[in-house]
Amino acid sequence: MTTNRSTAKIAIVGAGPSGCFTAQALLKLDPNLELDIIDAQPTPFGLVRYGVAADHQGTKAVARQFSRIFTRQNAHFFGNVQIGTQVSVEDVLQSYDAVVLAAGLSEDRNLGIPGDDCPGIIGSRALTRSLYEHPNAAELPELGSHPVIIGMGNVAVDILRLLSKTPDELHGSDLGQGPTDWLASQEFEQITMLGRSSVASARFSSVMIKELSNLSAIDVRTHYLNNAKDGTAQDRFDAIAHLEAETAGGVPVELRFESRPTAITETAQGLTLEIDTPDGPQSLLASSIITAIGFTSDGRLNREALLSEANDKASPQDRLYTIGWFRDGPVGAIAQCRGEAQILAKRILAELKPDAVRKGSALLVDLPDVIDFKHWEAIDALEVSRAPDNRCRQKLSNMADLLRPTTS
Amino acid sequence: MNISFLFGTETGNAEMLADDLNMAFEEQHDTRVANLQDTTVQDLQTADLNIIVCSSYGDGDLPGSAQAFASVLQKERPDLSGVRFAMFGLGDMEYASTFGHGSMKLATLLVECGAQSIGARVVHDASNDEMVEDMAIPWAENVVGSL
């Protein structure tokens, strides 16, 4: 069994935090595994590169750990490979002894209210893809003078913070030149962030709110900031109250709790957002609406069917696993991925039945423009070397450059 | 010298640094690496020096793998006289008001229990360019050299 196991082949679909932590834990338990991490993007690390905010470089430091999975633990990276369209999950299962789907959730969830498809409504993922120069990003949108952010999670706070920062406050980030110029050109008269949650049930963490207190351009005021009766959310309430007291910049920022969006209509002045509040229905005028209410599958993988297949441990196809947002939905930060990954790695190794017939990475090597880790290291070095003084990195932003970094 | 490299971590960065420190010292010294969550008071007492790498998490809290260890110190107040430790913190200046508070809280607890702090606690800033091991290895060499 031990000798068999040393040749076992495992594929992980998704090189984001959940996939990388799973690989790290697997190889720590069994350094001889043949472990391949496949990603649809030409670059590894998923949301660490394209989701964690450009001004949260400390959070991105985890990428150094993930690099070692490839440089020291001998995992192999297969970037620019689309599982689900280019290669089927069934083919991956036939080629590997275990397959872990850690593909995340890469699309914006819709509001699900009348008018949620009006022009001028932008999903947070679409916006951050543009801000963080994802190769498949759309052009940066027109936000107008009074954008409204819907959502009360850390993604909503990230967007509020970036929209609020002065150029100086972005020093040391990896925000690119285009997005930097775009931000500097905005002339917001007001920014609103709202959601149905109370301050007690809102998903943001209080440390993210405290961070906003340092911003010079904004002046925060709140609506329906009602403390929980049992005092369980005192730290969050205090953080918001402190934020309201501390900020005194030129741009008003309204935080509206307990305000549930019910409908959006297009008007000559922009968008009208109807909300239900403790005082009854109200209407807000918005020049644009940014939704940050969670993520959903992009449909490349049939998530529901695959989740039920992975859960059906009585089936003969007992080798499919899921983890992270793909499995659990869009909740939880990078740190939680690590604990979940360690649990899953133990389970996989306990259930693993290697079969020498399975061909492993031979499935992938002949695909066009497959990116390996050395290729990523060249991209990484180039991006760091060409960064201007006030940036830690200047990303390559289009697919052609990512596929041929040396010729750019 | 018998050196224990102990780590308190949430995302694994402190563990990685403890591994790096161990690699830098294992040829010259009798070393081991352990997670604080697997570390007992007796373990602290058997090492000539405990070099602790501890991050902060959330709102300046102790990282997950240091919490049970810290709560033993907090509740049982073991006598740690004779225990020597040096504390290396991992922090992020994006969260300036709680920068390095995890390692600070742990160092304070150890001292309150009678342990001797060797050298000054330093905290690496993850939002800074400097590689953490480039700061930590010379720091640890100084600590070890001072004994």
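Quick caveat: nothing in here was measured; it's all calculated off a predicted structure.
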Visitor: Quick check: are there more than 12 heavy atoms from other residues, nucleotides or ligands sitting under 6.0 Å from CE of B:Met1?
Guide: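 Result for CE/B:Met1: enclosed.
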Visitor: If you measure from CD on A:Gln24 to CD on B:Glu15, what distance do you get to the nearest 0.5 Å?
Guide: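 Nearest 0.5 Å value for the CD-CD distance: 7.0 Å.
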Visitor: Determine the minimum heavy-atom distance between A:Arg338 and B:Thr9, stating which atoms define it.
Guide: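 Of all heavy-atom pairs spanning A:Arg338 and B:Thr9, the closest is NH1-CG2, 3.6 Å.
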Visitor: Please determine, among A:His56, A:Met208, A:Gln336, the option with the most heavy-atom pairs under 4.5 Å with chain B.
Guide: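 Heavy-atom pair counts peak at A:His56.
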Visitor: Closest heavy-atom contact between B:Asp92 and A:Gly58?
Guide: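 Heavy-atom minimum between the residues: OD2-CA, 3.4 Å.
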Visitor: Might you point out which heavy atoms bring A:Arg64 and B:Val132 nearest each other, and give the distance in Å?
Guide: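 Here A:Arg64 and B:Val132 meet closest at NH1-CG1, 3.7 Å.
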Visitor: Please name the pair of heavy atoms, one in A:Val62 and one in B:Thr11, separated by the smallest distance, quoted to 0.1 Å.
Guide: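 Between these two residues, the closest heavy atoms are CG2-O, 4.3 Å.
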Visitor: Looking only at non-hydrogen atoms, find the nearest pair between B:Glu10 and A:Ala335 and report the distance.
Guide: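 Smallest interatomic distance, heavy atoms only, reads CG-CB, 3.5 Å.
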Visitor: What part of B:Asp19 is in contact with chain A, defined as an atom under 4.5 angstrom from a non-hydrogen atom: side chain, backbone, both or neither?
Guide: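 Side chain only.
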Visitor: Are there more than 12 heavy atoms of other residues, nucleotides or ligands under 6.0 Å from atom CD of B:Glu130?
Guide: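 Atom CD in B:Glu130 is packed in, count exceeds 12.
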Visitor: Any idea which of A:Gln57, A:Arg68, A:Lys60 has the most non-hydrogen atom pairs under 4.5 angstrom with chain B?
Guide: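 Looking at each option in turn, the highest pair count goes to A:Arg68.
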Visitor: Hey, could you give me the OG/CG distance between B:Ser97 and A:Asn214, rounded to the nearest 0.5 Å?
Guide: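 Going from the OG atom of B:Ser97 to the CG atom of A:Asn214 covers 7.5 Å.
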Visitor: For B:Tyr95 and A:Glu211: C-alpha separation, side-chain torsions, deciding distance, then whether side-chain contact (heavy atoms from CB on, under 4.5 Å) applies.
Guide: CA-CA 6 Å; B:Tyr95 308 100; A:Glu211 196 185 352; 3.5 Å; yes
Visitor: If I compare all heavy atoms of A:Ser206 with all of B:Asp59, which pair ends up nearest, and what's the gap?
Guide: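 Closest heavy-atom pair between A:Ser206 and B:Asp59: OG-OD2, 3.9 Å.
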Visitor: How about CD on B:Glu141, more than 12 heavy atoms from neighbouring residues, nucleotides or ligands closer than 6.0 Å, or not?
Guide: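 Yes, the 6.0 Å shell around CD holds more than 12 heavy atoms from other groups.
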Visitor: Taking side chain as everything from C-beta outward and backbone as N, CA, C, O, which of these in A:Ala239 sits under 4.5 Å from a heavy atom of chain B? Side chain, backbone, both or neither.
Guide: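 It is neither, since no heavy atom gets under 4.5 Å.
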Visitor: Given that the side chain runs from C-beta out, which part of A:Arg161 has a heavy atom under 4.5 Å from chain B: side chain, backbone, both or neither?
Guide: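 Answer is neither: A:Arg161 stays 4.5 Å or more from chain B.
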